[in-house]
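Please read the structure below before turning to the comments.
Only a predicted model underlies this, so the values are computations on that prediction, with no experimental measurement involved. Every number for a ligand or one of its atoms is a count from 1 in the order of the listing.
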Amino acid sequence: MSDINYDDFFAQKVSELKEDGRYRVFTTMERVVGRFPEAIWHKEDGSQKDVTIWCSNDYLGMGHHPVVINAVKDAVERCGAGAGGTRNISGTTIYHKLVEDSLKDLHQKEAALVFSSGYVANEGALSALCRLLPDCIVFSDALNHASMIHGIKSSRCAKFVYQHNDLDHLEQLLKDAPKDAPKIIAFESVYSMDGDIAPIKEICDIAEKYNAMTYLDEVHAVGMYGPRGGGVAEERGLLDRIDIIEGTFGKGYGLMGGFITGKESVIDAIRSYASGFIFTTSLPPAVLAGALASVEHLKVSRIERQRQIRNVKYMKDLFEKAQLPYLKGESHIVPLVVGDAKCCKQVTDTMINQHGLYVQPINYPTVPKGTERLRLTATASHELHHIDRLVGVLEDMWSNTHMFANASIAA
Ligand SMILES: *Cc1c(COP(=O)(O)O)cnc(C)c1O
């Protein structure tokens, strides 16, 4: 008989995280329509404080857009709260069909499929693909999201990790792999924690040369890149060269839910075999009505994208002038590396407590140890004065070097 004390065991596991400075403390926000990126912080002691949010993935403010809110309201009043079942058993609503048609059009593909979230879409699609293809080999970028890694792992297929965005390494691995094995290259367009963008065209060229399928996560790009918000592949005219594009309604589109688009044959196979798609209640009609409104709105409206581009450029220019050590990627994500978990937490605590600036510290395992960072997102909803104030505070903190006594500030 085991003499384990379960209580003590789990408490010990959590205190290890605390000692490391990587215990996650949630910050409770109340976002009020019309005021974003400003919001109300509900503190642990029951008091409240007005803050500006600097780490939201509602990049375009679509979660509060009247077009989206009205679509959600209409759908909930017409069709009620829940879908009432799984997709196969009474849970396919007219909104599922409309959203999937809209996504097909967005990516100019034969088919689209909606999942509960982007995480579930990656896990479900990749695990099904890799399991169905006999002796499949996956080539996965070193910085791929946990959901892709999980999907590949659960298929138990062979996997090679290539160095982040390293075309030579990728090609070498493909060259060394058995010629006759089916192959998938899995990668992202915008990398969410470094803010850089993959060389998509060159990866497609390599894929073609070795007859590999391409699987592209555009979660941080849909809604924001390309003339209709299709993502970076659309912006670069490469939609037809990607076999499967994966995205989310949870970030630029402002709601929740994930999706994939591709050829009818592949999408139908995933629909038929992906466990995470089949055995779960489908998304509520109201969420999909909101997603549909958001996707359709951003196909034609450029105001949100232009505002975000202006804000990001303004922020990066000020960071440059202030010589703040941010990672200089091409995307809208601006990571500021602190390089130590405890110090990172100390910085973000000071920002919210003293200055009402909310940014969550990003720690291991989301990023490698020693590269702990702030991940700042200037959304379409920020005003230039918000950015001025943020940079002023950061500049003061970074010149106040005693804060970084035990940190190696990496550029
Ligand atoms: C957030 C994220 C996901 C998951 O999307 P959700 O809709 O939030 O589940 C997938 N891939 C990447 C790169 C992400 O950053």
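In this structure S155 satisfies the side-chain contact (heavy atoms from CB on, under 4.5 Å) test together with C130, R131, C157, sequence neighbours excluded.
With ring centers used as reference points, F115 lies under 6.0 Å from F277.
Note on K299 versus D105: salt bridge recorded, some NZ/NE/NH1/NH2 to OD/OE distance being below 4.0 Å.
Closer than 4.0 angstrom to ligand 1 lie heavy atoms from S117, G118, Y119, N122, H145, S147, E188, S192, D217, V219, H220, T248, K251.
Under 3.5 Å, the side chains of H220 and Y59 contain a donor-acceptor pair of N or O atoms. Judged purely by distance below 3.5 Å, without hydrogens or angles, the side chains of Y119 and H150 pair a donor atom with an acceptor atom. Side-chain contact of H332 with Y225: a donor-acceptor pair under 3.5 Å is present, judged by distance alone.
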